Q: 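Let me give you the structure first, and then I'll get to my questions.
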Amino acid sequence: MPTNQAPVACHNCRRLKRRCTRELPFCSLCVRLGKSCHYSPRDSVRPGSESSAVSSSRVDPFITPDALVGSSSDRASSSSVTPTPGLRDSAPEFPSSFFLDPEFFNPLTVDSLNTAALPLTIPCLTSLGMDLVGICHAYVATINQWLPILSPKRLCTDVVQINPVDPDPGLVLLLACIRLLSDASYSGRCQEYKVAKALASSVENEGIISLRLVQSIALLGWYELAHGIYPSAYLTSGHGARLVVLGCFHNQERQTPHLFKIADTWTVREEERRVSWGLFILEKFLHAGTGVLPQMIPKMATGLSLPINDIGWSKGDLDTSESSLVLSSISADIGSMGRFATTCQAAHLYCHALTHRDAGKDGEPLPDESFRLDEALQLHRTLSALDESLALDDTAEANIEAVALLSTARYILYNMYSCKGLDIRCEPEKLRRQVEMQRASVKGVMDLSANRVPRIANIIIELLAVGTAETRGRNVSPIVCHTLYHAATECAWFIREGCGPEMTAGLNVVVSALDQLKGSWDVAEHYYNLLGYEETVAKMFNIPPP
């Protein structure tokens, strides 16, 4: 047998039962048909053959012949470059058959598209310093409290085993984003943010698609939301959503054509589920203040499993009973769900409130008014039921993110009906439902503004009073800023209507919490400036500044 031939047919020829010429590295039939050709490593490498040289250079099995040869200019420029010892030569090329002919494509392993030698990787790793484990611990103590999308155990293991000469660019990017979000000394468009964005762009340009990349994009999107970096936050969240769909991380069953095989470890599968939820919450909350931009992520399926309990997740203990909780039910034992799972369930209902508000804005006909009223009343009951089941007594375990999401969802719903005129000419049953929804809306807005949101504000003030200067405030989710702002505007409206001292007290504590959050998240300062507390509210109602 010639030494430049494989002992067996290539994967495509075996699959289609055709006669393969078996040339290495690509058979003539695949080259003529323009198909990607690959052999298994065991079949394509023969000791002493010419293919050994191909194998030693780590040629990816999905690289096409044209990509391997390259243009004449590429060959000329590459001849003058001296490769760094130990570094990977190039990134694997994305298999175009995934988009061109999905039936021809076979799912990849999760790490197939996660190798490249990038110029920014080592300088970025150097800038992170020597204490990489300390960066991970800072994340666990702060951001992991409200956004636990990473496995602390797996993260620390990867960091300890990192190769400083040939580091994984996805892991370096993730560490840069972790430090950016968890360290209180970084804010706005700082230099570290620009470096992280540049590295993220470089990683994607090289065709690297991995779970670590999606996690990094999610953290970058949350950082941009937290510091009011627009429109980057909106664009990043949409980009992250597309990466989730591309990797099929939101669909654990993989019933549709998918890029990657199902992860072989439970930890990775749980990370996929959690990063999908993290981006879902981010993208939906970005629509809190606007109804003109289309939502990029569809609703989560009601049968989708919620994340497992956070305590077991942080310790690396996976509890199968907790992962069986689904969106279609509100657990009687809400405390066993965990803080993040409760936030996910609240975000699911929040998404329904957004959909109800935005109905008809995309050119579709507005649903029947009777149906809209029934939907609004059902939303009111469901949101109130989940909200009442969440206690805000223990500061350390308070579900402030879930309550903030539910409060914002209720504000969105109630503002549609609290001041809406009644159609007295309609049938009595429809008029009764209109009155019922209006009364529930007015009462709900008053309770949220005078009691529920001020209680969140007090908890935030207590949380901000502890912690070091490097991490203070980063254990509070930035989504509470919008809830505080919305409550402050409602309190001011009620004061204008002469509703008494309870609204004044609520306004004071809400604005005080928003004022203190300015030192943690820049978006709090943006909301504070929009509120114009000192210039407007204090002068109009003779309220002393907080």
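No experiment lies behind these values; they were computed from the predicted model shown. Heavy atoms only: backbone and side chains are in, while hydrogens, waters and symmetry mates are out.
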Q: Donor-acceptor pair, Arg154 side chain versus Val268 backbone, under 3.5 Å?
A: no

Q: Evaluate the side chain to side chain contact (heavy atoms under 4.5 Å, CB included) criterion for residues Ile400 and Leu463: first the C-alpha distance (whole Å), next the side-chain angles of each, then the deciding distance (0.1 Å), finally the verdict.
A: CA-CA 11 Å; Ile400 56 175; Leu463 288 173; 4.0 Å; yes

Q: Within the side chain of Arg274, is there an N or O that forms a donor-acceptor pair under 3.5 Å with the backbone of Pro148?
A: yes

Q: Is there any salt bridge (Lys or Arg N to Asp or Glu O under 4.0 Å) pair reaching into residues 119-136, and which pairs are they, with sequence neighbours excluded?
A: none

Q: Is a donor on one side and an acceptor on the other found under 3.5 Å between the side chain of Arg179 and the backbone of Leu174?
A: no

Q: Drop me the distance from Leu180's CG to Leu128's CG, to the nearest 0.5 angstrom.
A: 10.5 Å

Q: Examine Lys518 relative to Tyr528 and say whether NZ or CZ is less than 6.0 Å from the centre of the six-membered ring and inside a 45° cone about the ring axis.
A: yes

Q: Going by an N to O cut-off under 4.0 Å, is there a salt bridge joining Glu272 and Arg269?
A: no

Q: Could you report the tightest heavy-atom contact between Trp146 and Glu401, atom names first, then the distance?
A: CB-OE2, 3.4 Å

Q: Would you indicate whether the side-chain heavy atoms of Cys136 and Leu175 approach each other to under 4.5 Å?
A: yes

Q: Within a strict 4.5 Å, meaning less than it, do heavy atoms of the Leu386 and Thr382 side chains meet?
A: no

Q: Any idea which heavy atoms bring Cys481 and Leu514 closest together, and the distance?
A: O-CD1, 3.9 Å

Q: If I compare all heavy atoms of Pro167 with all of Val172, which pair ends up nearest, and what's the gap?
A: CB-CG2, 3.8 Å

Q: Any donor and acceptor pair, going by atom type alone, linking the side chain of Trp222 with main-chain N or O of Leu279 inside 3.5 Å?
A: no

Q: Would you list the pairs meeting ring-ring contact (aromatic ring centres under 6.0 Å, His included) in which at least one residue belongs to residues 159-184, sequence neighbours left out?
A: none

Q: Roughly how far apart are Leu306 CG and Thr342 OG1, rounded to 0.5 Å?
A: 8.5 Å

Q: Tell me whether the rings of His486 and Tyr411 are parallel (<30°), tilted (30 to 60°) or perpendicular (>60°).
A: parallel

Q: Going by heavy atoms in the side chains, are Leu354 and Ile412 under 4.5 Å from each other?
A: yes

Q: Any sub-3.5 Å donor-acceptor pair from Asp310's side-chain atoms to Arg339's backbone N or O?
A: yes

Q: Just so I know, are the side chains of Leu406 and Leu390 near enough to count as touching, which here means a heavy-atom distance under 4.5 Å?
A: yes

Q: Is the NZ or CZ atom of Arg474 positioned over Trp521's six-membered ring, under 6.0 angstrom from the centre and within 45° of the axis?
A: yes

Q: Which pair of heavy atoms, one from Ala346 and one from Leu405, lies closest together, and at what distance?
A: CB-CB, 4.2 Å

Q: Over all heavy atoms of both residues, which pair between Gly240 and Ile217 is shortest? Give the atoms and the distance, please.
A: CA-CG2, 3.7 Å

Q: Enter the distance from Glu206:CD to Ser202:OG here, rounded to the nearest 0.5 Å.
A: 6.0 Å

Q: Quick one: pull up CG in Leu349 and CG in Leu383 and give me the separation to the nearest 0.5 Å.
A: 5.5 Å

Q: Could you please spell out the steps behind the side chain to side chain contact (heavy atoms under 4.5 Å, CB included) verdict for Ser520 and Val476?
A: CA-CA 9 Å; Ser520 304; Val476 177; over 6 Å; no

Q: Whether the side chain of Ser127 engages the backbone of Cys124 through a donor-acceptor N/O pair (distance < 3.5 Å, no angle test) should be reported.
A: yes

Q: Output all residues satisfying ring-ring contact (aromatic ring centres under 6.0 Å, His included) with Tyr485, sequence neighbours left out; order by chain, then residue number.
A: Tyr527

Q: Could you grab the distance from atom CG of Asp387 to atom CG of Leu448, nearest 0.5 Å is fine?
A: 7.0 Å

Q: Assess whether side chain to side chain contact (heavy atoms under 4.5 Å, CB included) is satisfied between Leu219 and Ile149, documenting all intermediate values.
A: CA-CA 9 Å; Leu219 294 179; Ile149 62 175; 4.1 Å; yes

Q: Do Pro307 and Trp313 touch side chain to side chain, with heavy atoms closer than 4.5 Å?
A: no

Q: So does Cys344 get a backbone contact from the side chain of His348, meaning a donor-acceptor N/O pair under 3.5 Å?
A: no

Q: Evaluate the side-chain proximity of Asn399 to Thr343: yes if any heavy-atom separation is below 4.5 Å, no if none is.
A: no

Q: Taking the ring centre of each residue, are His356 and His352 less than 6.0 Å apart?
A: no

Q: Roughly how far, to the nearest 0.5 Å, is the CG atom of Leu125 from the CG atom of Leu173?
A: 12.0 Å

Q: I'd like to check His287 versus Tyr234 (side-chain heavy atoms, cut-off strictly below 4.5 Å). Are they in contact?
A: yes

Q: Tell me every residue that passes side-chain hydrogen bond (donor to acceptor under 3.5 Å, both in side chains) with His239, counting only those two or more places apart in sequence or in another chain.
A: Glu204

Q: Quick one: which residue pairs count as a ring-ring contact (aromatic ring centres under 6.0 Å, His included) with a foot in residues 163-195, not counting sequence neighbours?
A: Tyr193-Tyr223

Q: If only side-chain N and O atoms count, and only distance matters, is there a donor-acceptor pair under 3.5 Å linking Glu224 with Thr236?
A: yes

Q: For the residue pair Ser182 and Thr142, what are the closest heavy atoms and their distance?
A: CB-OG1, 3.4 Å

Q: Name each donor-acceptor pair under 3.5 Å that joins a side chain in residues 155-162 to protein atoms two or more places apart or in another chain, with its distance.
A:
{"from": "Thr157", "atom 1": "OG1", "to": "Lys153", "atom 2": "O", "distance (Å)": "2.9"}
{"from": "Asp158", "atom 1": "OD2", "to": "Arg212", "atom 2": "NH2", "distance (Å)": "2.6"}

Q: Establish, from distance only, whether the side-chain atoms of Thr483 and Thr408 form a donor-acceptor pair under 3.5 Å.
A: yes

Q: Under a plain distance cut-off of 3.5 Å, with no hydrogens placed, do His137 and Asn144 share a side-chain donor-acceptor pair?
A: no

Q: Can you check whether Ile460 reaches Gln516 side chain to side chain, under 4.5 Å on heavy atoms?
A: no

Q: Keeping the roles fixed (side chain from Ser201, backbone from Ala198), state whether a donor-acceptor pair exists under 3.5 Å.
A: no

Q: Applying side chain to side chain contact (heavy atoms under 4.5 Å, CB included) to Val453 and Ser449, what does each step give before you reach the verdict?
A: CA-CA 6 Å; Val453 180; Ser449 305; over 6 Å; no

Q: May I ask you to decide if Gly188's main-chain N or O and Asp522's side chain share a donor-acceptor pair within less than 3.5 Å?
A: yes

